[in-house]
Amino acid sequence: MKLTSRQLQDLERDGFLVLPGLFSREEVDLLRSRQERLLAETHEANIVEKNSGKVRTAMGLHLRDEAFARLVRHPRLVEPARQVRSPALYIQQVKINVKAAFTGEAWQWHYDFATHHADDGVPEPLALNLHVFLDTVTPFNGPLYFIPGSHAFPEHDAWHDTESTSYPLWVVENRAVKKLVARAASINPDRPIVQATGAPGTGLIFFDTVVHGSPGNMSPWDRSIFSLILNPVDNALTRFDRPDFKHHRDLRIVDPLDDDCLVS
Ligand code: SIN
Ligand code: MN
């Protein structure tokens, strides 16, 4: 699957791109059935929320389940990533961010490269984050918020937040967020911040420097989102402090499978 020139332009302009209907209901149902079992496991790569003890993020899934092993090689994820970056990509990180009904906690304003660079020594902001919604994502159950165009200003200061949530993250100062939102509003007053919502199976691609976050989930609806990060092999990690499930060391190039690899 290839992105159209219009989609490529939108991605370049905004730093993110929503792809409605990327995966079918049947494909999502298969992944959801595997998710239940994976979340129930006692596993070092299941990280729980600070307050509720419910799973916040379940990582390393392609090494734990064969459906996710196929999903990380799915052409509807890998081919657009190759088109945008290069054919030589490795699997950096694979997870489901769960954000359970009533208790799912926020992800602070951040851009992923701050963490990839500071913690893993990734040289350049070339990784792509590829999401698939496994639940309906609405304005109420903790959707991702993006600041359109914020990827064009990658110099925003970041600081290491080890307190707010159970997941240490390099986050962006509020004053930088304020500036970036004002800048986005000056370009398009209707889009100072955009929330990424949609039906199960919706896809989402975003750049390593686009500023994003998501609020807590106080709704009665779960909000699970699958995330695959692919990075060019010639831009691989140079620090190895974080565990493998946060940044995999297997730098083999990911080759796409057939389009019907999940449900044939
Ligand atoms: C979220 O799951 O809401 C945040 C995901 C991300 O920061 O990539
Ligand atoms: Mn992120």
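No experiment lies behind these values; they were computed from the predicted model shown. As the structure lists them, so they are numbered: ligands from 1, and atoms in each ligand from 1.
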**Message:** For the residue pair Arg249 and Phe240, would you count it as a cation-pi contact if the rule is NZ or CZ under 6.0 angstrom from the ring centre and within 45 degrees of the ring axis?
**Reply:** no
**Request:** Check each atom of ligand 1 against the heavy atoms of Asn97 and keep those under 4.0 Å away; list them by number with element.
**Result:** 1 (C), 2 (O), 4 (C), 5 (C)
**Fill in**
Of all N, O or S atoms in Asp112, the one closest to the Mn ion (ligand 2) is OD1
**Item:** Rounded to 10 degrees, the angle NE2 of His212 makes with NE2 of His110 at the Mn ion (ligand 2)
**Value:** 90°
**Asked** Does Phe206 approach ligand 1 within less than 4.0 angstrom via side chain, backbone, both or neither, non-hydrogen atoms only?
**Response** side chain
**Message:** Regarding Arg32 and Asp29, does a basic nitrogen lie under 4.0 Å from an acidic carboxylate oxygen?
**Reply:** no
**Item:** Min heavy-atom dist Leu144 to ligand 1 below 4.0 Å
**Value:** yes
**Fill in**
In this structure, atom 3 (O) of ligand 1 is nearest to the protein heavy atom Ser214 OG, 2.5 Å
**Asked** Numbering the atoms of ligand 1 from 1, which are under 4.0 Å from a heavy atom of His110?
**Response** 7 (O)
**Message:** Return the CG to CZ distance between Asn235 and Arg85, rounded to the nearest 0.5 Å.
**Reply:** 9.0 Å
**Prompt:** Below 3.5 angstrom, do we get any N/O pair linking Asp112 and ligand 1?
**Reply:** no
**Message:** As an exercise, identify every atom of ligand 1 less than 4.0 angstrom from a heavy atom of Asn129.
**Reply:** 8 (O)
**Asked** Can a cation-pi geometry be assigned to Lys246 and Tyr167, taking NZ or CZ under 6.0 Å from the six-membered ring centre and within 45° of the ring axis?
**Response** yes
**Prompt:** Aromatic rings Phe16 and Phe146: how do their planes relate, parallel, tilted or perpendicular, breaks at 30° and 60°?
**Reply:** parallel
**Request:** Consider only side-chain N and O atoms of Asp119 and Trp170, and report whether a donor and an acceptor are under 3.5 Å apart.
**Result:** yes
**Item:** Atoms in ligand 1 flagged as close to Arg223, the criterion being non-hydrogen separation under 4.0 Å
**Value:** 1 (C), 2 (O), 3 (O)
**Asked** Between Thr103 and Asn51, does a side-chain hydrogen bond (donor to acceptor under 3.5 Å, both in side chains) hold up when you go through it step by step?
**Response** CA-CA 8 Å; Thr103 56; Asn51 295 312; over 6 Å; no
**Request:** State the atoms of ligand 1, each with its element, that fall below the 4.0 Å cut-off from a heavy-atom position in His212.
**Result:** 6 (C), 7 (O), 8 (O)
**Item:** Mutual orientation of the aromatic rings belonging to Phe207 and His151 [parallel < 30°, tilted 30-60°, perpendicular > 60°]
**Value:** tilted
**Request:** Measure Lys95 to ligand 1 on non-hydrogen atoms and call it side chain, backbone, both or neither using the 4.0 Å cut-off.
**Result:** neither
